[in-house]
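Contents: one structure, followed by commentary.
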Amino acid sequence: MLKEYIHASIQQPVRYRLGGKFVTDIPWTHMKRSMGDYELIIALHETLYIECESTQFEVQPGDALLLPPDKIHQGFHECPPGTSFYWFHFLFPDEREAPGINEQELDQHIKTRQTKPRLQHGDTDIFLPFFSTPKQIERLTILFTQLLDVANGHYGHSRAADYLATSLLIELSEQTVKNFHLTAEQTSTDRKIASILEWIRLHSLEKLSTGMIADQFNYNRDYLCRFFKKETGWTVQSYIHMLKLSKAKDLLTLSDESIGSIARTVGISDERYFMRLFKQYEKLTPSEYRKAYHRIQLNKE
């Protein structure tokens, strides 16, 4: 796996093969195997230790790993109890392996795309990293939840899961292109806001406040609020809520925990406040959301 990205055209949706959520409650090592299709993995809890063609990956929560077809992959270290990840297998429309490209080639593709009028170039290309840490992982986990719900819901339309899988890959591609562009032109301000966003993400399940974040980065609280809003379009509190609710949605669809327990897990001690907050952002109660997305295949080893 010498190239860092794959470049594919999706004039037609990809073919979804199968998928689910893997969970282990015992120490576990990934089996040695080679598959005839692509597999996308998004780690949820603990670290997945896996290698592909002698390249080792430590896939931590929030990371995405794409395994290409017909390549031997296996675990190289034991994963701890509690390790879990989303996974799904797919093929591109023509069933051929997409070509690999490096950073320089990706940069050239992006520049070529930018020279064409938006919405007039009919671009159907996507660029997928073999290993990445998407900046907006919650957008991918939401799409994953919807994909698995539809795939296991016996929809009458035979290609419903194909279109959702394609949407998920497009989202990953768009985040990849955007992040590649921003990294190349990153300023001191960009680095500051990136550090703040990452710190909030790492501590999002704690009882966070704007004052705590300001203290962490030695900012005046009011300055932090203005700076954060200008650079992200979010208020600090709204961003914290978004991260907490993203985790809550995972727990609602993938566990049998009570609403109160889930609220405490995401750092909200008041169950009623959690329910009001959830309804405000999602337009559904936690129970309604759980009922809407409950058909997800789990596999355990």
Side-chain angles (χ1 to χ4, degrees), residues 1 16-35 37-69 71-90 128-149 151-152 165 168 172 198 201-206 243-258 261-262 264-267 290 293-301:
M1 199 182 298
Y16 172 87
R17 302 298 294 274
L18 71 163
K21 181 196 177 189
F22 175 86
V23 183
T24 182
D25 52 12
I26 60 174
W28 171 83
T29 303
H30 198 292
M31 71 178 72
K32 182 178 181 179
R33 68 182 182 184
S34 174
M35 305 290 286
D37 45 28
Y38 288 89
E39 180 180 7
L40 179 64
I41 292 172
I42 292 184
L44 298 174
H45 301 289
E46 302 295 346
T47 301
L48 170 64
Y49 299 96
I50 190 169
E51 66 179 14
C52 181
E53 298 288 296
S54 301
T55 301
Q56 295 184 341
F57 299 97
E58 295 185 14
V59 192
Q60 300 183 13
D63 290 343
L65 175 67
L66 180 65
L67 296 171
K71 305 293 184 183
I72 295 176
H73 56 272
Q74 62 186 331
F76 67 90
H77 189 277
E78 188 175 80
C79 301
T83 299
S84 64
F85 53 86
Y86 285 131
W87 60 274
F88 84 90
H89 293 249
F90 68 94
L128 303 173
F130 285 108
F131 183 74
S132 64
T133 304
K135 297 298 183 184
Q136 293 179 291
I137 190 65
E138 69 281 350
R139 294 176 64 90
L140 292 170
T141 57
I142 289 170
L143 286 170
F144 236 121
T145 301
Q146 294 172 333
L147 169 62
L148 298 181
D149 181 74
N152 292 285
L168 195 157
L172 178 57
E198 180 63 7
R201 185 185 70 82
L202 291 174
H203 297 272
S204 61
L205 302 187
E206 301 172 13
L243 294 177
K244 288 183 182 295
L245 294 179
S246 176
K247 175 63 176 178
K249 287 186 287 186
D250 279 345
L251 293 172
L252 284 166
T253 56
L254 301 172
S255 78
D256 294 323
E257 286 189 51
S258 68
S261 176
I262 290 174
R264 291 188 292 274
T265 297
V266 301
R290 170 173 270 169
Y293 298 107
H294 69 282
R295 294 185 297 261
I296 296 178
Q297 176 182 334
L298 298 181
N299 62 311
K300 300 177 69 175
E301 290 190 17

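Note that the structure is a prediction, hence the values are computed from the model and not measured. If you read the sequence from its start, that first residue is 1, and numbering goes on from there. These values consider heavy atoms only, across backbone and side chains, with no hydrogens, waters or symmetry-generated copies.
- Leu172 and Pro134 get closest at one heavy-atom pair: CD1-CG, 4.0 Å.
- His45 and Ser84 get closest at one heavy-atom pair: CD2-OG, 3.0 Å.
- Around the CZ atom of Arg201, the shell of radius 6.0 Å holds more than 12 heavy atoms that belong to other residues, nucleotides or ligands.
- When each of Tyr86, Trp87, Trp28 is tested with Phe22 by the rule ring-ring contact (aromatic ring centres under 6.0 Å, His included), just one qualifies, namely Trp28.
- Arg290 approaches Leu252 most closely through the heavy-atom pair NE-O, 2.8 Å.
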Assess the residue pair Lys249 and Thr145 against the criterion (side-chain contact (heavy atoms from CB on, under 4.5 Å)); give the C-alpha distance rounded to whole Å, side-chain angles, the decisive distance to 0.1 Å, and a yes or no. CA-CA 9 Å; Lys249 287 186 287 186; Thr145 301; over 6 Å; no
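- How far NE2 of His30 is from CD of Glu78: 14.5 Å, rounded to the nearest 0.5 Å.
- With rounding to the nearest 0.5 angstrom, the CG atom of Leu18 is 10.5 Å from the CZ atom of Phe88.
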Pair Leu65-Cys52, side-chain contact (heavy atoms from CB on, under 4.5 Å): steps then yes or no: CA-CA 10 Å; Leu65 175 67; Cys52 181; over 6 Å; no
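- We find the NE2-CD distance between His73 and Glu53 to be 10.5 Å, quoted to the nearest 0.5 Å.
- The CD1 atom of Ile262 sits 9.0 Å away from atom CG of Asp256, with the distance rounded to the nearest 0.5 Å.
- If you take CG on Asp250 and CD on Glu138, they are separated by 10.5 Å, rounding to the nearest 0.5 Å.
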Determine whether Met35 and Leu67 satisfy the following criterion, side-chain contact (heavy atoms from CB on, under 4.5 Å), listing intermediate values before the conclusion. CA-CA 9 Å; Met35 305 290 286; Leu67 296 171; over 6 Å; no
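- Inter-residue side-chain proximity for Glu46 and Thr24 is flagged as unmet; no heavy-atom pair is nearer than 4.5 Å.
- Of the inter-residue distances, the one linking Leu44 atom CG with Ile41 atom CD1 reads 11.0 Å to the nearest 0.5 angstrom.
- Closest of all the heavy-atom pairs between Lys244 and Glu206 is NZ-O, 2.6 Å.
- Residues Glu58 and Phe76 come closest through the heavy atom pair CG-CZ, 4.1 Å.
- Within the 4.5 Å cutoff, the side chain of Leu140 has no heavy atoms near those of the Phe144 side chain.
- You'll find the ring centres of Phe130 and Phe57 outside the 6.0 Å limit.
- Thr83 approaches Pro80 most closely through the heavy-atom pair OG1-O, 2.7 Å.
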Kindly determine whether Val59 and Phe131 satisfy side-chain contact (heavy atoms from CB on, under 4.5 Å), including the steps that lead there. CA-CA 8 Å; Val59 192; Phe131 183 74; 4.1 Å; yes
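- At least one side-chain heavy atom of Leu40 sits less than 4.5 Å from a side-chain heavy atom of Leu168.
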